[in-house]
Structure formats: structure tokens, C-alpha cells
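A quick write-up on the structure given underneath.
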Amino acid sequence: MKAITYKLFADEKIRHRICRDYALDPSLSHEQLAEALVEAFGQNPGAGPDGRREATNQVVYRAAALALASNSRSWATFLPHEKSLAELTFGYDPYRTAAAVRAEQLTINDLAACLPGQTAGKDAHAIIRWAEMLDSTPRYHEVLRRLDERLRSEGMESAAIVPAVAVILGAPGGKTLKQFPPPEKSDTWKVHGMGPVLASEFLRNLQWAGFKPDRHVIRLFTRWFPDVIEKEMPRARALGERLGTRRKDVLEFLTFSLVGAAVTPEGKTFTEVDNLVWALGAYTEKKGKESSTVYRID
DNA sequence: CCATGGTCGGCAGTGAGTAA
DNA sequence: TTACTCACTGCCGACCATGG
């Protein structure tokens, strides 16, 4: 971890770029900057219990909307638009948002204007679909907690919970739905506009403790920890089996989620580690330009 | 035939990098 | 400084392969 924070903030140019993107004070120490960066992502559950606390549909809606807002879009690009997204959705109120859409006072284009990039329309559409889903599903978070409780009661280790739920929400196959019947009045767990990766982002926004293996993280871990990957692969396959899937992309997602959990040291959260590894991949160890450094994570 | 899974390309704007 | 190329991001739908 020290090596990663050093690499991130020692270089003047990179430190200033990160500070510009996330409105941090460049005169802080490396440790303070690392802490402030993780803070800026706002997903670190800290010491609290994960996945167990209450969350209103409004809190759930905010978590979903922000996860969708991060799709194919650097967080720093979206940040300036966050305020207007919050205003358009009445402070992430799914009921008022759904009502405004019904009354044709809010359109996909209105929301898309807050989401720069190629997936703007699709993400905006998904944000509306989520409002409609939550509008007709009271206490959605309780539904998720029941899923969480079931998996735990069946002996699933806690590091596997978020990846498992993310697969059920993001890429449920027919077998998955047989083993995990969807909530009442619904014929699927599939959430709008999210695959497993965005679904784990969504869960993290709800302060569930999980590791999100995005492209940067996968790329760097492939270089750093081939042995851990080898070791976690059978466990990912077993987990996939448990979830009723053998899809290659899902197994890759599960493998790297487990690798992330495995390399997270005692006393650190998954979120802290993956936020910092992500930043390293996004700002320093870029694709095709990686150094030969194998960063120790401790 | 049906369910499942793999592969590929489109989406559409950002920003880093490079050449002139 | 300007103009240009290209990689990047995750989801999804079209299409094909496999196997019961």
C-alpha cells in the first residue's frame, strides 16, 4: 500500500492531476491524500457492519443512480454534474422521479445531459427504469438483505457475498433464477443497466464490503498476482456453480473479486485497496505502459 | 427444439499522446 | 498551437455454437 500511495503522489504531475480531478489539497501528505481520495469516492464502509443496515428506497436509488453514472465514465468527469442529477431526481427520490416521468415532466434527455459520454442515453434510461422498479417495490433493501442472509446461512464466506449478489443482480441465468427465486411479483433479479461489475459498485454505494474488479484492477492483478489468480480460480468456479453459471465473463468477475479479497491485508477494507489500485491503474500504471514493479499490498 | 454460453461490434464522448 | 488518432469504459443485442 505504501508503494502504491508513494507512486501515486510522488510524481508532481500526477499528484496535481488527481488533486484537480477530486478537489483535493495537493499540499497534504501522501497518507492524507490516499485517505482523502478514498473518502472522495464515498464507498468505504469503515468498521461498520456491511449489508445489514437499513436503507430506504431513496438511499437505494441514490446508490443505483451513482453506480450507473460511473459507467464508462471517469468519476471526475461526472462529478461536476452530480448536483444537477440530484436536482432532477428530487434528491434521488424514486417515487417523485417515477411520477415526474409519468407526467412527462422528466425525460431521458434531461438525465442524459448530466451523463457525458457514449452511454449517456442508456444510463439515463436505466436510471428511470430503476425509479420505476423501486416505485413498485417497497423496501428493496430488505429484499437484498434476505438474499444476503440466505447466502450467509448456507455458509458462504463473507468475501464472496458481494460478488455472489452482484452476479445474481447483474447476470442471472435461468439456473440462477431457479436456485434463487426472484422477489415477489418479479420474474427476475436482473437490474436495469448493470452487469456484475456495476452491480458490485451499486452494493458498495450501499456500504456493502466488496471488491470491484474493473478493467484497471484486473489488468494490474494479472501482472502482479498470477499465483493468487491460479489459486482463486477453482473457488470462483465453485461459486459460479453455486450460482448456476459457467459463463466466462462471470467467472472472470468472480475470480478477480476473490483475488481482491485475498490480497487485501488485515486492517484494510476491500474498498480502500481497490480505490487505490484503481487510481494507480488509471493515472500511473496505464495500459501497455506498465512498469515492472510488483507492488506489495500491505 | 430449447437453453445456455461465447464472440463481436456498437454505443459516443473524453483525454492522452503524437505529429506537423 | 493545432489537428488528428486512438484507447478507454461496461452493457447489450445480434449471431453462432454446443449439447441435451
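Sequence lines set the chain letters: A, B, ... in the order given, protein chains first and strands last, and positions in each chain run from 1.
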Original post:
Counting any heavy atom closer than 4.0 Å, what does A/Asp214 reach on the DNA or RNA strands: base, sugar-phosphate only, or nothing?
Top reply: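 Answer is sugar-phosphate: A/Asp214 comes under 4.0 Å of backbone atoms only.
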To the nearest Å, how far apart are [X] [atom1] and [N] [atom2]?
X        : N      : atom1 : atom2 : value
A/Ile218 : C/dC8  : CD1   : P     : 13 Å
A/His125 : C/dC12 : NE2   : P     : 11 Å
A/Arg219 : C/dG10 : CZ    : C1'   : 16 Å
A/Ile127 : C/dC11 : CD1   : C1'   : 14 Å
A/Leu198 : C/dC12 : CG    : C1'   : 12 Å
A/Asn71  : C/dC12 : CG    : P     : 9 Å
A/Lys122 : B/dG10 : NZ    : C1'   : 10 Å
A/Lys212 : C/dC11 : NZ    : P     : 9 Å

Original post:
Distance check: side-chain N/O of A/Lys190 vs OP1/OP2 of C/dC12, anything under 4.0 Å?
Top reply: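 Looking at the OP1 and OP2 atoms of C/dC12, one of them is under 4.0 Å from a side-chain N or O of A/Lys190.
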Subject >> A/His216 vs C/dT9: side-chain N/O to OP1/OP2 distance below 4.0 Å >> reply: yes
Validation row: [X], [Y] side chains within 4.5 angstrom (heavy atoms):
X        : Y        : result
A/Phe211 : A/Val162 : no
A/Leu115 : A/His81  : no
A/Met156 : A/Leu239 : yes

Subject >> Whole-angstrom distance between C/dT9 and B/dG17, as gauged at atom P >> reply: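 Rounded to whole Å, the distance is 14 Å.
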Provide a list of protein-nucleic acid N or O atom pairs under 3.5 angstrom, restricted to nucleotides 4-8 of chain B.
{"residue": "B/dG5", "atom": "OP1", "partner": "A/Arg246", "partner atom": "N", "Å": "3.3"}
{"residue": "B/dG6", "atom": "OP1", "partner": "A/Arg246", "partner atom": "O", "Å": "3.3"}
{"residue": "B/dG6", "atom": "OP1", "partner": "A/Lys248", "partner atom": "N", "Å": "3.0"}
{"residue": "B/dG6", "atom": "OP2", "partner": "A/Lys248", "partner atom": "N", "Å": "2.7"}

**OP:** Check whether A/Val191 and A/Leu177 end up in the same hydrophobic cluster, where Ile, Leu, Val, Met, Phe, Trp and Tyr are linked by side-chain heavy atoms less than 4.5 Å apart.
**Re:**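 In one cluster with A/Val191: A/Leu177, yes.
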Aromatic plane relationship, [Y] with [X] - under 30° parallel, 30 to 60° tilted, over 60° perpendicular:
X        : Y        : value
A/Phe9   : A/His30  : tilted
A/Trp224 : A/Phe221 : tilted
A/Phe202 : A/Trp130 : tilted
A/Trp278 : A/His216 : perpendicular

Please list, pair by pair, any protein nitrogen or oxygen found under 3.5 Å from a nitrogen or oxygen in nucleotides 17-20 of chain C.
none

Subject >> DNA chain C base-pair string [pairs: Watson-Crick or G-U under 3.5 Å; |: paired with another strand] >> reply: ||||||||.|||||||||||
Subject >> Test: A/Arg237 and A/Glu241 ion pair at under 4.0 Å >> reply: no
Original post:
Does the pair A/Arg152/A/Glu157 count as a salt bridge with the N-to-O cut at 4.0 Å?
Top reply: no
**OP:** Before giving the answer on salt bridge (Lys or Arg N to Asp or Glu O under 4.0 Å), spell out for A/Arg102 and A/Asp135 the whole-Å C-alpha distance, their side-chain angles and the decisive distance to 0.1 Å.
**Re:** CA-CA 12 Å; A/Arg102 274 195 302 273; A/Asp135 186 41; 3.3 Å; yes
Original post:
Would A/Glu87 and A/Ser84 count as having a side-chain donor-acceptor pair, cut-off 3.5 Å?
Top reply: no
